[in-house]
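Remarks on the structure that follows.
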Amino acid sequence: MAPVPAIVLDDRLLIEELLVGLDEVGERYTTTYWYYRACRAAVGGAGGHLSGPFLGLDATHQATAIRSLLLLPDTIGLPDPRSTVPVMAELSERHPRLNLLNLEAAATGLVLDATMLLSIEAARGVLPEILDAENIRWRTVEID
């Protein structure tokens, strides 16, 4: 039996997975930074592309959705910093202008040998170029 592939969800796709689910095959992970951004958007509710999905819910469903995000289910893994931080340090030598979010994302992809799933918004940034340079598989996932 073949091993289940690892996929890493960006912050927007993490929210989508928790609110409605994604039709993706793989063991799901996210990064600490993306998890933090998703939680901050859910709690703060500023109405941007991260918090927008919460604003469309009635008060009861919104509270349930926020609670599910703050209590990240065991079905979403968070890589151990003991394995990602040294890789982040190595990546920062090769890509000195990368910010912490992108360093952690790329390191997570390398450590887990995962496919990075990026929302359309995330795919517009610098991360895809770095993923390509590091031979990390990635693709965009369009959501409603």
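FYI, side chains are in, hydrogens and waters are out, and symmetry mates aren't considered; it's all heavy atoms of this structure. Owing to the predicted nature of the structure, the values given are computational and were not obtained by experimental measurement.
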Test side-chain contact (heavy atoms from CB on, under 4.5 Å) applied to Ile143 - qualifying residues, sequence neighbours left out: Arg12, Leu13, Glu16, Leu22, Val141
With sequence neighbours excluded, residues passing side chain to side chain donor-acceptor pair (under 3.5 Å) with Thr140: none
With hydrophobic residues grouped by side-chain heavy-atom distances under 4.5 Å, do Ile130 and Ile7 end up in a single group? no
List the steps and the verdict of side chain to side chain contact (heavy atoms under 4.5 Å, CB included) for Trp34 and Leu101. CA-CA 7 Å; Trp34 277 334; Leu101 179 145; 3.6 Å; yes
Can Tyr33 be reached from Met116 by stepping across I, L, V, M, F, W or Y side chains whose heavy atoms are under 4.5 Å apart? yes
For Glu90, salt bridge (charged side-chain N to carboxylate O under 4.0 Å, His left out) partners two or more places apart: none
What I'd like to find out is whether the side chain of Val126 reaches to under 4.5 Å of the side chain of Leu98, using heavy atoms alone. yes
Interatomic distance, Asp10 atom CG to Glu17 atom CD [nearest 0.5 angstrom]: 12.0 Å
Taking all non-hydrogen atoms of both residues into account, name the closest pair between Leu131 and Ala106 and its distance. CD2-CA, 4.1 Å
To which residues is Leu71 joined in a hydrophobic cluster, defined by side-chain heavy-atom contacts under 4.5 Å among Ile, Leu, Val, Met, Phe, Trp and Tyr, whether direct or through other members? none
Taking all non-hydrogen atoms of both residues, which atom of Pro128 and which atom of Ala123 are closest, and how far apart? CG-O, 3.3 Å
Please examine the side chains of Leu72 and Tyr35, heavy atoms only from C-beta on, and report whether any two atoms are closer than 4.5 Å. yes
Donor-acceptor pairs under 3.5 Å, side chain of residues 73-83 to any protein atom, not counting sequence neighbours: which ones?
from	atom 1	to	atom 2	distance (Å)
Asp80	OD1	Arg82	N	2.9
Ser83	OG	Asp80	O	2.8

In this structure, CZ of Arg139 is separated from CG of Leu117 (nearest 0.5 Å) by 5.0 Å
Do side-chain atoms of Arg94 reach the backbone of Ser92 as a donor and acceptor pair under 3.5 angstrom? no
List for me each residue that meets salt bridge (charged side-chain N to carboxylate O under 4.0 Å, His left out) alongside Glu129, sequence neighbours excluded, and say none if there are none. none
If only atom types and distance count, is the side chain of Thr30 paired as donor or acceptor with the main-chain N or O of Leu14 below 3.5 Å? no
Looking at residues at least two apart in the chain, or sitting in another chain, which of them share a side chain to side chain donor-acceptor pair (under 3.5 Å) with Glu27? Tyr29
Using salt bridge (charged side-chain N to carboxylate O under 4.0 Å, His left out) as the criterion, list what pairs up with Asp113, not counting sequence neighbours. Arg137
With Arg97, which residues qualify under salt bridge (charged side-chain N to carboxylate O under 4.0 Å, His left out), at least two apart? none
Residue pair Asp132, Trp138: steps toward the side chain to side chain contact (heavy atoms under 4.5 Å, CB included) verdict: CA-CA 8 Å; Asp132 288 342; Trp138 69 275; 2.7 Å; yes
Would you find a donor on one side and an acceptor on the other, under 3.5 Å apart, between the side chain of Glu142 and the backbone of Ser119? no
For the atom pair OG1 (Thr115) and CD1 (Ile136), what is the distance rounded to the nearest 0.5 Å? 10.5 Å
Linked, directly or transitively: Val111 and Leu100 (ILVMFWY side chains, under 4.5 Å): yes
For Ala107, give me all partners under side-chain contact (heavy atoms from CB on, under 4.5 Å), at least two apart in sequence or on another chain. Thr84, Val87, Met88, Leu91
Looking at residues at least two apart in the chain, or sitting in another chain, which of them share a side chain to side chain donor-acceptor pair (under 3.5 Å) with Arg124? none
